[in-house]
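Read the structure below first, then the notes.
So you know, we letter chains A, B, ... as the sequences are listed, proteins then strands, and number each from 1. Computation of the quantities below employed the complete heavy-atom set of this structure, encompassing side-chain atoms and omitting hydrogens, waters and symmetry-equivalent molecules.
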2 protein chains.
Amino acid sequence: MHKISIKDVAKKANVSITAVSQILNNKGERFSEETIKKVLQARDELGYVPNSAARNLKVRHSRLIGIIVPSFRMPFFADIIQSMQDNAPEDVNLVFIGSTADNLQSSIYSLVERGVQALIFGRPIPNRDVVNAFLKKRHIPYLVLDQNADINAQDMVQTNEFTGGSLAASHLLSLGHRDIALILPNELTDNMRQRRAGFLDTLSAANVTPVSVISSALSKHGGLAVVHQLIQSQATAAFVLNDEMAIGVLRGLTWQNVKVPENMSIVGYDDTDYAEFMVPSLTTIAQPVAEIGQSALNMILQRLAHPNLPYQTAFFDVKLVIRESTAKLLLD
Amino acid sequence: MHKISIKDVAKKANVSITAVSQILNNKGERFSEETIKKVLQARDELGYVPNSAARNLKVRHSRLIGIIVPSFRMPFFADIIQSMQDNAPEDVNLVFIGSTADNLQSSIYSLVERGVQALIFGRPIPNRDVVNAFLKKRHIPYLVLDQNADINAQDMVQTNEFTGGSLAASHLLSLGHRDIALILPNELTDNMRQRRAGFLDTLSAANVTPVSVISSALSKHGGLAVVHQLIQSQATAAFVLNDEMAIGVLRGLTWQNVKVPENMSIVGYDDTDYAEFMVPSLTTIAQPVAEIGQSALNMILQRLAHPNLPYQTAFFDVKLVIRESTAKLLLD
DNA sequence: TTTGAAATTGGAAGCGTTTTCAAAAAAATT
DNA sequence: AATTTTTTTGAAAACGCTTCCAATTTCAAA
């Protein structure tokens, strides 16, 4: 019934509350060996666990950081948050939320109610201005992952999406493909736009334009649903803006008896866990996911320590991973 | 600098703190229209957001529920937590932790420091006794997912793992297979044991014993690493205890030019998102993941509302999903 | 012994809320 | 106009903790 508090251990150890607090927080050098022992023992016998709500209230901060991603179910983000958690310092607490555009606002609100001191956005922010104003007003710094944003408004970590798209294009080009399709999600996020830009630029530098640009739902099923369009386009290769969709495409192609890579080359994006396990394994653009997660966390921790330093942007490079889903164009 | 508090809005609205508190918590019927309006307006102008640490301290509860899973990167658990979050009532907060056996204890500790009122374990609990004692002492109810446990010690949600294993066996049997391998993870969790039991029982009822039992790391790479053993076993079919490993196996088999299902049938377990996208698509045992997540959350909420009701166990059925990775044994 | 310094300890305020209970104001009844 | 009833409001305590600062004890030096 009765939650045991610092008062209880003070009473049991026959010392003041002050002593208990100081000692348990490793600030008790000034106390005698004996008191220290008494306190520790009382703590253990009682099984006292401090109440961080009370602590936070008093010290006026929480060491709580909120991380907002579109969904836990996307491997890319699962990797990111796992790497954050694995690398978080002992004394900081992370809270993850998978949040759609619809409830982003209320997610943010609930997070600041809970006292987060900083936020990391792994997803696009609708109404960026109001979110920014809201957060700035409360002095809650935030960081955005892979999104265009005012470089002077917050920290960012970015990967070289443009290069990514470009790498995909030159790979396909170098294999001799000229009839190339582009498959992109219905709703383009900033990073997707850059992938596309890099891809398109490199293509047009070689004087080729895509034979087809296809919109798909951002999911495996989305990719699957779109393969007949791809087939009709007469393309010999396709760049699919992320691995999830690419996996769907691969699957659909096999069902339609289109051989990959003999009759169609496919390159994805993200180098998700699953890419190398597809049949055929998926050529794709790899991002250093773990580093991205760590870096984001570290930057925001930095920010908390030094609120007034100029905002920073971390850049990560991207690389092409060649696997089985792409091959030289066969001439007939 | 200065975080704005209830006091500020009271001052601005020219009313008491009491009034503000009551009104903003929808307990302000007794106040006049006018005061209510003043308060709301002041709240809005100031952009006041209540401090839940203070609130929790005062009301002595948090509506916070901790969910501990082995890793965010396992699709099965990603699905579970997503479904929990999607179905959580407005006023409850969820905090997810991906925790290995090593830091389970400290994860739990940190969660109770943060004031969780209940816990859901999606992973095995080493030292169950001490965990149980720790939690019971603090009146923190918990629920376990798919684990053996004293039915009178906590709530549980289980799926019919035994049936799952059995279904896999009879499917393979009915296809004419008699040389069947079993691939299981290095470390068997309770639910894995049951899968195995169901599988083995059904096999032996038909008078067959596995030609080989192979241990693998619980991952795609683990499955991959183990295919040569599988091939050497001369099995014509294998039951792999989860989809992740099965995906690895599928991949390895293709590389070894073993045709699935012509030369080897494979059945997995979980019906992960990816199962249907493999080439060949994976026959597997499906669990109603979303329902499981919701049910777990609802049960623990129930428990919070009625701490003294007898513990309950929810059972979910499991079903065989036949896809391309299994086929009739070809006679030669 | 006395004194002063050093070592050790504890009282109390306050963090932002909620809630009880009494007080004040307004309205209704004599 | 006086009284009672009803409506509306606010003061203050408490939740569990940290921390400032003053109080007490111990000990060495005079």
hbond_proxy B/Thr18 side chain to C/dT19 base (donor-acceptor, 3.5 Å cutoff): yes

To the nearest angstrom, the NE2-P distance between B/His61 and C/dT17 comes to 15 Å

Quick note, side chain to side chain donor-acceptor pair (under 3.5 Å) partners involving residues 44-55 of chain B, not counting sequence neighbours, are B/Lys12-B/Glu45, B/Gln41-B/Glu45

Students should find that the end-to-end axis angle of the helix from C/dT1-D/dA30 to C/dT30-D/dA1, with five pairs defining each axis and rounding to 10 degrees, is 60°

From NZ of A/Lys7 across to P of C/dG10 the rounded distance in Å is 16 Å

B/Lys11 NZ to C/dG16 C1', in whole Å, measures 14 Å

Atom CD of A/Glu113 and atom P of C/dT17 are separated, to the nearest Å, by 10 Å

- Query: How would you label the contact of B/Ser5 with the nucleic acid (heavy atoms, under 4.0 Å): base, sugar-phosphate, or nothing?
  - Reply: sugar-phosphate

B/Ser62 (side chain) donor-acceptor with B/Gly115 (main chain) under 3.5 angstrom
yes

Check: Checking B/Arg43 side chain against B/Val20 main chain: does a donor-acceptor pair fall under 3.5 Å?
Finding: no

| Do A/Tyr142 and A/Phe121 have ring centres separated by under 6.0 Å? | yes

Q) Just by modelled atom types, is the A/Thr159 backbone N or O under 3.5 Å from a matching donor or acceptor in the A/Asp146 side chain? A) yes

### Query
Under the 3.5 angstrom rule, does the side chain of A/Gln117 hit a backbone N or O of A/Ile140 as a donor-acceptor pair?
no

Across all chains, not counting sequence neighbours, the salt bridge (charged side-chain N to carboxylate O under 4.0 Å, His left out) partners of A/Lys38 are none

Here the distance between atom P of C/dG11 and atom CD1 of A/Ile6, to the nearest Å, is 13 Å

From CG of B/Leu57 across to P of C/dG14 the rounded distance in Å is 17 Å

If only side-chain N and O atoms count, and only distance matters, is there a donor-acceptor pair under 3.5 Å linking A/Gln294 with A/Asn298?
no

Rounding to 0.5 Å, atoms CD (A/Glu291) and CG (A/Asn87) come to a distance of 10.0 Å

Per the under-4.0 Å heavy-atom filter, residues of residues 44-53 of chain A near DNA chain D come out as A/Tyr48, A/Pro50, A/Asn51

Per the under-4.0 Å heavy-atom filter, residues of residues 22-36 of chain B near DNA chain D come out as B/Arg30, B/Phe31, B/Ser32, B/Thr35

Chain A vs DNA chain D, heavy-atom contacts under 4.0 Å, first-to-last nucleotide span, 5' to 3', is D/dG16 to D/dC20

Ranking B/Ala19 and B/Ala54 by the position along DNA chain D of their nearest nucleotide, the one closer to 5' is B/Ala19

Side-chain donor/acceptor of B/Asp190 to backbone N/O of B/Pro124, under 3.5 Å: no

task: Please work out which of the three classes, parallel, tilted or perpendicular, describes the rings of A/Tyr109 and A/Phe134, given edges at 30° and 60°.
output: tilted

Main chain of B/Thr100, side chain of B/Asn103: is a donor-acceptor contact present, judged purely on distance under 3.5 Å? yes

For the pair A/Gln158 (side chain) and A/Gln147 (backbone), establish whether a donor and an acceptor sit closer than 3.5 Å, ignoring hydrogens and angles. yes

